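Since the structure comes first, as structure tokens, the remarks are kept for the end.
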Amino acid sequence: MIEELEKIKKSALKELNSVKNLDDLEKWRVNFLGRKSFLANFPKQFKNLSPEEKVRIGSFYNQIKTELETLYQNKKEELSQKIEVLFDFDHPGSKFSFPSLPLIQTNLKRIIDIFRDLGFYVIDSNYLVSEYENFDSLNMPPYHPARDMWDTIWLKKPNKYLLRTHTSAFQVPFLLKFKPPVRGIVPGKVFRFEATDARHDFEFYQIEGISVSENSNFSHLRFIFKEFFKRYFEKNLEIRFRPSYFPFTEPSVEVDLSCLLCQGKGCLVCKFSGWLEVAGAGMIHPFVLKQAKIDPNKFQGYAFGTGLERLIMLKYEINDIRLLHSADLRTNEI
Ligand code: PHE
């Protein structure tokens, strides 16, 4: 019986030596120390032994069993530590597949950089503005029909405050702060009381441009637009001014860009006109200059407003504005 025990011990030690992971160790444990193992069932034979033999063989049996159990515990600890050692902290990680910032932020930054290079200040502004800033200062008294176009979310308190419908609300505050000659852009979010669909959302970004000096004029505006679109879309594009109406500019124009997708030939995106409407603009109305305490006989200037999401949609060929405002990270993989 002693030999049997020694044989078992020998093969247990041998096999333990080739155990390389926790799974193998568990198999080893089941095999040599488990319920059905030779060792677990060994004491059954004790009943046929004399008392002296029982003591001799029994103590040898206990010794071997304890020894194997200790070896098992030690090996288990050793292998568990190995897992940590196996983790290589210097191994290069897998690459993130999307840019860390949303398209709105990266494109806004790009646009700000372009205008800064063109000599424009970049001004931060409030979302919450007074009725005067959003309407009256822009030549839209309470009865003015153009107000309907921009009716929005009004606050109950303080009275006569609202979420701005356009960044033009910052024209007068901007011109009160910076005396001409001056050029600046006011980028930021605007809000409209409006049903959403693929091309409209109730909140979106605008970029307002303002330039006032003794001779700021349409040809300057045309140059700025041409340069801006060339740098932003990385393409040489045609610009077209179309007569339009805004209460705060006179004359007013809509600015069209030759279609990016069909190069003016006509496609679904430009509705076969070859042109895309990208901005509203005009020469700042003397009424607005007066609100900013600027003498309209001495100074003149242009203003424009363009929508950020529209530019992004054109650049990346995105057909639903709501994708840009959603939390779907796939939008950023474009
Ligand atoms: N504020 C106008 C709009 O939201 C755009 C605009 C800005 C027009 C500046 C003229 C001058 O539609």
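Heavy-atom basis, side chains included; hydrogens, waters and symmetry copies ignored. In listed order, ligands and their atoms are each counted from 1. Source: prediction; values computed, not measured.
For atom 12 (O) of ligand 1, the closest heavy atom belonging to the protein is W150 CZ2, 3.6 Å.
Under a 4.5 Å side-chain heavy-atom cut-off, the cluster of Ile, Leu, Val, Met, Phe, Trp and Tyr residues that includes F191 is completed by Y127, L128, I153, L155, Y161, L163.
Taking only nitrogen or oxygen atoms, main chain and side chain alike, Q171 does not reach within less than 3.5 Å of ligand 1. Of the polar atoms of S168, at least one N or O is found under 3.5 Å from an N or O of ligand 1, judged by distance alone. Any N or O atom pair closer than 3.5 Å counts here, and H166 shares at least one such pair with ligand 1. Among the atoms of Q206, some N or O lies under 3.5 angstrom from an N or O of ligand 1.
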Checklist entry - Going through the distances and angles, do T165 and T152 end up as a side-chain hydrogen bond (donor to acceptor under 3.5 Å, both in side chains)? => result CA-CA 6 Å; T165 48; T152 187; 5.8 Å; no
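The A281 neighbourhood of ligand 1 comprises atoms 8 (C), 10 (C), 11 (C), with distances under 4.0 Å to a heavy atom of that residue. Proximity to G305 (heavy-atom distance under 4.0 Å) selects the following atoms of ligand 1: 6 (C), 7 (C), 9 (C).
Taking 4.0 Å as the cut-off between side-chain N and carboxylate O, E6 and K9 do not count as a salt-bridged pair.
Here A279 has no heavy atoms under 4.0 Å from ligand 1, in either its backbone or its side chain. Using a 4.0 Å cut-off between heavy atoms, E254 makes no contact with ligand 1 at all.
Residue contacts with ligand 1 include F248, since one or more of its heavy atoms lies under 4.0 Å from the ligand.
For the residue pair H325 / E203, no side-chain donor-acceptor distance below 3.5 Å is found, with atom types taken as modelled. Side-chain polar atoms of E238 and S258 form no donor-acceptor pair below 3.5 angstrom.
For the atom pair CG (L308) and OG1 (T167), the distance works out to 11.0 Å, reported to the nearest 0.5 Å.
Under the 30°/60° scheme for interplanar angles, the aromatic rings of W28 and F32 are found to be tilted.
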